[in-house]
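What follows is one structure encoded as structure tokens, with my remarks underneath.
First the proteins, then the strands, lettered A, B, ... as listed; each starts at 1.
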2 protein chains.
Amino acid sequence: MSQSAQRPTGPNRPQRSQSLQSSQGEPGGSGRVSARTAAGSARPTLEEVAALAGVGRGTVSRVVNGSPRVSEKAREAVNAAIAELGYVPNRAARTLVTSRTDSIALVVPEAETRLFSEPYFSDIISGVSAELAETDMQLLLILVRNQRERERLSAYLTAQRVDGVLLVSVHQDDPLPSLLESLEIPSVLAGRRGDLEPLSYVHADNAGGARMAVRHLLRRGCEEVATITGPLDMEGARARLSGYRQALEEAGRPYQEELVGPGDFTEEGGRLAMRELLERRPGLDAVFCASDVMAAGALQVLRAAGRRVPDDVAVIGFDDSIVARHTDPALTSVRQPIEEMGRTMARLLLEEIAEQGRARRQVVLATELVVRESA
Amino acid sequence: MSQSAQRPTGPNRPQRSQSLQSSQGEPGGSGRVSARTAAGSARPTLEEVAALAGVGRGTVSRVVNGSPRVSEKAREAVNAAIAELGYVPNRAARTLVTSRTDSIALVVPEAETRLFSEPYFSDIISGVSAELAETDMQLLLILVRNQRERERLSAYLTAQRVDGVLLVSVHQDDPLPSLLESLEIPSVLAGRRGDLEPLSYVHADNAGGARMAVRHLLRRGCEEVATITGPLDMEGARARLSGYRQALEEAGRPYQEELVGPGDFTEEGGRLAMRELLERRPGLDAVFCASDVMAAGALQVLRAAGRRVPDDVAVIGFDDSIVARHTDPALTSVRQPIEEMGRTMARLLLEEIAEQGRARRQVVLATELVVRESA
DNA sequence: GTAGAGTGTGGGAGCGCTCCCACGGAAGGC
DNA sequence: GCCTTCCGTGGGAGCGCTCCCACACTCTAC
């Protein structure tokens, strides 16, 4: 414990061995290879900026991080040096000391993936990314496809590798929200588990959209308006059903169980439900479907049964997905502002991270009825 | 420069000021807030593991990184200590010294986004993510929507913040591939710019798929097979056209310019092209469309023109997107294995990163004809 | 004049890791 | 017997930052 006078090759540029490993290395090993691209000139460090600007490291750091307690003169010198050297702060070094990672994760349980109305995922991402573009937050994407990966995620989050989490999840019993809750990591959900969701969330006004749709049908003179619901363990599906009910009741119509067909957001589910509804209530003249995909299924059954849409039976879907534009006739549908949901989620999360805050936020975004041919 | 005996509050737990900022802070500032969640017990460090296992830091590091030069006894002691403490290596610290980030970026020029056949993006992500799940690579998502963001990306990559890049890009003149080339950062493209693509890439056998489709039409007895192409500045679109041509020629049919309608992968483009084709060649009895969306447009025009599909005119699309399943009649289409493309891209990239290699790889994945009602 | 309260600044210490040198002990060669 | 190798190992140094203390230095009071 004493030969401290011996220093290695160089003070600043540790020589890494360039020896190549045996051609392929052992397969399956974690394959450590001396990393360090042969890349060109080394990246300038904060210290070099300080030297060039003729100030201390502290001052450069203050300038870079926008601290107000820096003289105008020093600030200018530093900024000039930064520009000259093309300095970019090293994120890892910063993270190491602040334990702030400047990145957030978008977590998607892949099971849900199949229920997404099609451009959903891209739209969410697009919104999130747009909001993040102004900051220097990184977006990490994490798909969780099974229990093992859920555990990995848990370890991952515990290891504080992100500053916050956006979770796209809708199922009542998804374990992920609770995980986030117990980890006390800033997070925002797309959708919510129920009325009492304790986490921050953003969702579309499902009930309002459904109400609009059904009002539209009633206004058109429909007398027997049926509905095909989504899986009722999803809050969104429940809300759409209750919107349907509200619209009927406000029009003084009775809510009849017989007119409610349980679906599951799939096309086949839509077909099944439609068949049952037709059997129970052959006189129905309108169907509000809780998703476009189910509506597409319903459309097929209606046509097979010889009903003309919209003349005999008017049909409305939900999501305004691509499917809506390609059915025949094209579907009238309720649009959710998905990209804006993404943007809002990101914004809320950034706020929550910034204020270290316990304050939960919830935002409901308006939906909109897009009228096409089917109603 | 001498009072080195003074240490701060504690050796291990630097006290950060907990003072709150004035409620909202100045809007627009870079809003630095002392980061550090009130989180519970501190994460164990490698040093603590070493202490518990009764070995040195070096040995723990070797075990964690799978070095073979560790005695069985030491390895066991270390692993036990790791398990007991729940140790997870600090990524930032590791990155700081290795300048390896263990993360890769999926870069998507958002302009292209609109051309994606719908589940494309999710499928790519799903594949990439599946492949990465086994490693401890992180997936960063970067959408690039304009010149400014392209520059930011460039700075980002120069700053070595990822070990490699997956680029979803197809346009001939996209500047991003060249950027990657000049940065010499490991990267893999989805699709390629042309035959001579110097970067690694994965793409579907577009020509082969088109050939299959056209052969299918000819086998059904079609005599006048037209095609609606994609934008020909995209290699994929060109390949589909040349597959069409090949199939005709191998059947001894002439390739006729008149039967080629230029499209742009949009529905409106499909409609336009179909109208022109019908005008030029009213006798055509089949159309191979380079995308499902264009096929959907073509279908509308054909119906409006009183042509029955498939009886009068057979139609085949490309992509096997959701659209294909919802048109009337449902579209026969060429399926690309998109998720597998994602998986393959990730795999190639990992290889390229591991071997620091200059070796470029290119993989072509087979396509498949999905026969439905339209042909 | 001196005490007191700022305000800008430099730079030590330390974040948690990997790298690599040096060392002790076991195994082999003469 | 001694001199080499060869392994497994401990631990110093250092990656590039931020934090914070201490030191000028300037004002304002008394």
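- For the pair B:Asp136 CG and C:dC17 P, the computed distance is 14 Å after rounding to whole Å.
- At the heavy-atom level, B:Ala74 lies under 4.0 Å from the strands shown only through sugar-phosphate atoms.
- Contact annotation: side chain of B:Arg57 to base of C:dT18, donor-acceptor pair present below 3.5 Å.
- Computed from coordinates, the B:Asn65 CG to D:dG8 C1' distance equals 16 Å when rounded to whole Å.
- Of the options B:Val162, B:Leu349, B:Asp163, a side-chain contact (heavy atoms from CB on, under 4.5 Å) to B:Met137 is made by B:Asp163 and by none of the others.
- Residue B:Ser200 is tested with B:Arg360, B:Gln362, B:Glu352, B:Arg361 for a side-chain hydrogen bond (donor to acceptor under 3.5 Å, both in side chains); the sole match is B:Glu352.
- Taking side-chain N and O atoms only, B:Thr98 has no distance below 4.0 Å to OP1 or OP2 of D:dC15.
- Remark on DNA chain D: of its neighbouring residues B:Arg75 and A:Asn90, the 5'-side contact belongs to B:Arg75, judged by nearest-heavy-atom nucleotide.
- Taking atom CZ of residue A:Arg43 and atom P of nucleotide D:dG16, one finds them 9 Å apart after rounding to whole Å.
- Taking atom CD of residue B:Glu48 and atom P of nucleotide C:dG16, one finds them 8 Å apart after rounding to whole Å.
- Close to D:dT18, at under 4.0 Å from its OP1 or OP2, lies a side-chain N or O of A:Ser61.
- Using a 3.5 Å distance cut-off with no hydrogens or angles, the side chains of A:Gln138 and B:Tyr156 do pair a donor with an acceptor.
- Closest to the A:Leu96 side chain, of the nucleotides C:dC15, C:dG10, C:dT18, is C:dC15.
- Looking at heavy-atom distances under 4.0 Å, A:Ala92 makes no contact with the nucleic acid at all.
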*Decide side-chain hydrogen bond (donor to acceptor under 3.5 Å, both in side chains) for A:Thr101 and B:Arg91; before the verdict, give the C-alpha distance in whole Å, the side-chain angles of both, and the deciding distance to 0.1 Å.*
CA-CA 10 Å; A:Thr101 61; B:Arg91 230 182 174 100; over 6 Å; no

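- The separation between A:Leu46 atom CG and C:dG14 atom P is 19 Å, rounded to whole Å.
- Across the interface with DNA chain C, nearest-nucleotide mapping of B:Pro89 and A:Thr59 shows A:Thr59 to be the residue nearer the 5′ end.
- The side chain of A:Ser71 places an N or O atom within less than 4.0 Å of a non-bridging phosphate oxygen (OP1 or OP2) of C:dT9.
- Rounded to a whole Å, the NZ atom of A:Lys73 is 12 Å from the P atom of D:dT26.
- Side chain of A:Val55, nearest nucleotide from D:dC17, C:dG16, C:dG10: C:dG10.
- Of the candidate nucleotides C:dT9, D:dT9, D:dC17, C:dT9 has the atom nearest to the side chain of A:Val70.
- Residue B:Arg62 is the one, among B:Arg62 and B:Ala93, whose nearest nucleotide of DNA chain D lies closer to the 5' end (criterion: closest heavy atom).
- Straight-line distance from the CZ atom of A:Arg69 to the P atom of D:dC19: 14 Å, rounded to whole Å.
- As a whole-Å value, the separation of A:Arg94 CZ from D:dC15 P is 19 Å.
- Within the 4.5 Å cutoff, the side chain of A:Val202 has heavy atoms near those of the A:Val188 side chain.
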